Amino acid sequence: MQLVIVESPAKAKTIEKYLGSDYRVLASYGHVRDLPPKDGSVDPDAGFAMEWENYADKARQLKAITDEAKHADRLILATDPDREGEAISWHVQEVLRGRKALPKDVQRVTFNAITKATVTEAMKHPRELDTDLIDAYRARRALDYLVGFTLSPVLWRKLPGAKSAGRVQSVALRLIVEREREIEAFRAQEYWSVTAQMEHDGTPFVARLTRWNGDKLDRLSIGDEGTALRAKADVEQGRFTVDTVETKPATRNPPPPFTTSTLQQEAARKLGFSADHTMRIAQGLYEDGAITYMRTDGVQMDGSAISAARLAIANRYDAHYVPDKPRQYTSKAKNAQEAHEAIRPTDFSKDRAGSGDHARLYDLIWKRALASQMASARLECTTVELAEGTGRTALRATGQVVLFPGYLALYEEGTDDSQDEDARRLPRMREGDAPAKKAVDAEQHFTQPPPRFSEASLVKRLEELGIGRPSTYASIIKTLKDRAYVRTEKNRFFAEESGRLVTAFLERFFERYVGYDFTAGLEDELDEVSGGRAQWQAVLEAFWKDFKPRTTEVMEQKPSEVTAELDKFLAPYLFPERADGGDPRLCPSCGKGQLALRGGKFGAFVACSNYPDCKYTRRFGQGGAAEDGAALENEILGNDPETGLPVERKSGRFGPYIQLGEGKEAKRASIPKDVPKLDLEWALKLLSLPRTIGTHPETGLPITASIGRYGPYLVHDGKYARLTSTADVFETGMNAAVVKLAEAAAGGGRPQRGAAREPLKVLGKHPRTEAEIKLMEGRYGPYVTDGETNATLPKSIEKDALTLEEAAQLIDARAAAAPAKPKKKAPAKKAAAKKPAATKAAAKPAAKAPAKKAAPKATKKV
């Protein structure tokens with residue numbers, strides 16, 4: 001028996017079907033061990049020796065792997081074809097070695113796609129584990145551990161409220177914070193544009209004023225309304241004819257197929273997916289065999305895939321869309337590792353796969369990969385100059401005409417924060433033509449600050465700087481969100497005050513280690529280790545010898561000294577120059593004290609030097625732009641109309657809360673995050689909880705709604721049901737409450753064990769067999785059935801988007817793959833076993849007990 005180890009159970013199930021009965025395929029469910037989160041897991045004094053610990057939740061799976069390995073003739077490690085996959089294989093091997101269960105024959109196999117042909121071919125070409133890749137993994141893991149477990153304690157002690165710092169995470173955060181600073185420092189400049197709405201041969205177009213009074217104009221030349229209106233009047237009075245027409249041919253080549261990074265960027269632009277969601281969906285498509293491996297820096301495709309793409313293009317379009325030679329691409333990204341193919345479909349003849357988000361992402365991958373092998377688009381770029389009689393005033397119109405669409409017939413790459421003004425369509429014009437002038441407009445504009453990062457533009461910037469690996473970008477962004485260092489609004493990143501403070505601390509005291517060049521250089525060194533050109537312990541030693549003394553030096557400083565340094569460092573942000581030239585640090589409350597940064601138990605804030613006589617404070621995140629008096633002190637929302645007591649918004653150890661009254665008798669309520677805008681009305685609602693909805697029609701006991709530690713809920717007779725939002729606490733009626741409690745009592749709507757299951761949906765009759773197809777919820781996920789054959793839904797098909805034809809195809813495929821003979825023989829064996837038992841029972845009743853024992857034995861053998 002040959003034991004094959006992969007990461008996921010879906011992958012294991014598919015591959016075992018491809019390989020046959022001599023193979024046993026088990027999943028490791030990802031990494032099986034890691035460095036324990038405690039001091040000493042990496043020992044720099046012992047050559048950076050690492051202490052590994054098995055994940056507690058993987059004990060059952062490791063036992064299963066160990067038990068099978070003891071009886072295996074060969075162990076085949078077939079995890080993903082990248083550095084992480086190599087590391088998982090190494091960890092599995094080391095665990096088995098430690099348990100004395102490692103087979104003598106251990107081999108490593110990699111494949112770029114989960115198809116039968118790819119997997120079976122890969123099995124013919126095994127290799128040994130790549131020690132260079134494993135060393136690079138160990139170096140990266142040790143670096144991240146040493147930075148996190150050395151730097152984070154410094155943050156906790158010197159910067160109250162800070163949560164953690166990471167080697168790459170902190171640099172990504174710095175990018176977001178620096179962009180925030182650029183936006184705040186930006187000063188908008190007014191400018192005006194003068195444009196004429198023209199028409200020629202029935203085609204409208206827009207021409208922009210580019211010369212006035214004999215002077216050439218740029219974008220900011222007209223800076224006030226008066227000047228703009230004078231220019232507008234001159235254009236209205238002038239008669240413009242075409243002075244010159246300049247036409248240039250242009251060619252646009254298709255972009256290469258997706259890498260991990262470009263897939264995340266394009267999915268964010270076109271589909272609105274987060275990087276994390278994109279990778280989860282792509283993982284499902286990969287495990288279903290629809291696409292090649294989705295963690296890659298390579299932009300090239302296999303020769304057979306290129307041939308298949310060219311054939312698909314020829315079948316879909318005419319011969320003009322197939323270039324004379326296949327296109328070959330090379331990556332321009334810094335630190336690119338091109339060991340793997342780009343992300344592409346495994347079968348170019350399939351233009352659809354999965355449903356819902358899986359189908360949308362597959363469509364994007366399919367179009368991008370196919371377009372990469374299509375002919376270039378041919379364009380004609382035209383610039384038309386129109387001048388009035390004196391030549392002192394001139395207009396310009398630009399545009400382009402698509403002569404041959406080429407790859408644009410299928411796909412056009414998205415862009416970030418850019419507009420192509422030259423993409424407008426122009427009518428054909430010649431010198432001397434006099435287009436009709438329909439209207440003239442003068443519009444006011446203001447220069448715009450640089451845009452905040454979106455997930456797409458942040459990933460793109462990280463890749464350009466060579467920071468991190470594309471496969472880690474999703475987890476980096478997720479960490480920043482989880483730490484509440486950033487928030488997202490309309491798909492843009494905003495730096496939170498905690499993120500700004502951490503970044504300021506690191507820039508002031510650990511500037512080198514959040515430097516873009518330093519971090520990118522470290523990635524280069526890790527790539528050198530991957531290629532066998534550098535020794536991993538030497539890379540760690542070079543980093544540690546400078547990093548450790550610096551952390552010790554900062555740790556020895558007093559918190560007050562750290563705060564004083566940050567006060568100086570952040571002065572331009574916290575205390576910007578005032579328009580009236582006054583002292584930016586002067587306290588707006590007492591008018592005498594000086595404002596300065598202070599450190600508190602729950603974070604940093606700005607306070608007056610005259611404390612306790614003056615209790616003025618403001619949050620750190622408000623910066624110098626905060627309105628005077630916008631303090632951390634309690635805010636009175638109003639008075640309770642029933643009691644007349646004040647309702648206050650306060651800030652406590654566990655966040656903001658509402659309080660009615662004072663002292664021990666005061667009533668308090670936390671403020672949920674999904675409250676749209678806290679006012680007196682909402683505060684009184686929250687203080688009124690719990691809310692009694694009514695009495696249960698069956699028990700006569702009350703049903704109440706409230707908000708607890710884990711969110712909004714219903715309770716009746718000691719039994720609970722979750723609500724989805726704070727609004728539901730106040731809006732849920734009796735009927736809805738009874739239904740929710742009943743569903744909760746039945747296990748979220750699931751039937752009790754042994755009870756008949758109701759279908760989630762009846763899809764209709766099978767188009768070929770006429771059997772009714774139902775969508776069911778099973779123990780291991782949704783499946784479809786026609787009464788005889790059950791087929792599990794692949795990850796790439798969402799149950800809510802499942803169609804009748806897709807369900808029928810799944811059932812047909814499952815029926816064709818199932819072994820038919822054993823199913824037919826099973827009833828015959830069972831009947832044969834029962835007949836002799838029944839005969840003996842009739843002759844001799846005492847023989848019933850042996851007959852019962854015989855039946856289980858027969859079942860076990862089957």
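In this text the structure is predicted, and so the values were computed from the model without any measurement.
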Using ring-ring contact (aromatic ring centres under 6.0 Å, His included) as the criterion, list what pairs up with Tyr293, not counting sequence neighbours. Tyr286

Just by distance, with hydrogens left out, do Gln265 and Ser261 show a side-chain donor and acceptor under 3.5 Å apart? yes

Glu380, CD: over 12 other non-hydrogen atoms inside 6.0 angstrom: yes

Quick one: list whatever passes side-chain hydrogen bond (donor to acceptor under 3.5 Å, both in side chains) with Asn213, sequence neighbours left out. none

Please determine, by modelled atom types, if Gln444 and Glu190 share a side-chain donor-acceptor pair under 3.5 angstrom. yes

Just by distance, no angles: are the side chains of Glu497 and Tyr485 close enough, under 3.5 Å, to form a donor-acceptor pair? no

Which residues pass the ring-ring contact (aromatic ring centres under 6.0 Å, His included) test with Tyr321, not counting sequence neighbours? Tyr317, Phe404

Please determine whether a side-chain nitrogen of the Lys or Arg among Glu388 and Arg239 lies less than 4.0 Å from a carboxylate oxygen of the Asp or Glu. no

I'd like to know if Glu464 pairs up with Arg461 as an ion pair, taking the criterion as any Lys NZ or Arg NE/NH1/NH2 lying under 4.0 Å from an Asp or Glu carboxylate oxygen. yes

Below 4.5 Å, heavy atoms only, C-beta onward: do Lys437 and Val440 meet side chain to side chain? yes

Could you name each residue pair satisfying ring pair (Phe, Tyr, Trp, His ring centres under 6.0 Å) that touches residues 188-233, not counting sequence neighbours? Tyr191-His445

Contacts of type ring-ring contact (aromatic ring centres under 6.0 Å, His included), residue Phe518, not counting sequence neighbours: Tyr513

Validation row: Thr247, Cys381 side chains within 4.5 angstrom (heavy atoms): no

Just one of Thr195, Asp234, Thr393 clears the side-chain contact (heavy atoms from CB on, under 4.5 Å) bar with Leu209, so which one? Thr393

Under a 4.0 Å threshold between the charged nitrogen and the carboxylate oxygen, would Glu178 count as salt-bridged to Arg500? no

Tell me which pairs pass salt bridge (Lys or Arg N to Asp or Glu O under 4.0 Å) where either residue lies in residues 352-374, with sequence neighbours left out. Asp357-Arg360, Asp363-Lys367, Arg368-Glu413

Ring pair (Phe, Tyr, Trp, His ring centres under 6.0 Å) contacts touching residues 247-276 (sequence neighbours left out): Phe273-His277

Could you work out, with side-chain hydrogen bond (donor to acceptor under 3.5 Å, both in side chains) as the rule, every residue matching Glu806, not counting sequence neighbours? Thr803

If we ignore angles and hydrogens, is there a donor and acceptor under 3.5 Å between the side chains of Thr259 and Asp297? no

The complete set of salt bridge (Lys or Arg N to Asp or Glu O under 4.0 Å) pairs with one or both residues in residues 275-296, sequence neighbours excluded, reads Asp276-Arg280, Glu287-Lys795

With a 4.0 Å cut-off, would you call Arg252 and Glu412 a salt bridge? yes

Apply side-chain hydrogen bond (donor to acceptor under 3.5 Å, both in side chains) to Asp201 and list each qualifying residue two or more places apart in sequence or on a separate chain. none

Inspect the contact between Glu507 and Arg174 and indicate whether a charged nitrogen and a carboxylate oxygen are less than 4.0 angstrom apart. yes

Give a yes-or-no answer on whether the side chains of Ser376 and Arg327 include a donor-acceptor pair shorter than 3.5 Å. yes

Atom pairs and distances, side-chain donor-acceptor, residues 220-230, under 3.5 Å, sequence neighbours left out:
residue	atom	partner	partner atom	Å
Ser221	OG	Asp218	N	2.8
Ser221	OG	Asp218	O	3.4
Ser221	OG	Asp218	OD1	2.7
Asp224	OD1	Gly226	N	3.2
Asp224	OD1	Thr227	N	2.9
Asp224	OD1	Thr227	OG1	3.0
Asp224	OD2	Thr227	OG1	3.0
Thr227	OG1	Arg230	NH2	3.3

Ignoring hydrogens and geometry beyond distance, is a side-chain donor-acceptor pair present between Thr118 and Thr115 at under 3.5 Å? yes

Does this structure show an ion pair linking Lys481 with Glu455, if we count only N-O contacts that are shorter than 4.0 Å? yes

Would you kindly say whether Ser454 and Ser457 are connected by a side-chain donor-acceptor distance under 3.5 Å? yes

Partners meeting side-chain hydrogen bond (donor to acceptor under 3.5 Å, both in side chains) with Thr278 (sequence neighbours left out): none

Can you find a side-chain donor-acceptor pair between Arg396 and Thr383 that sits under 3.5 Å? no

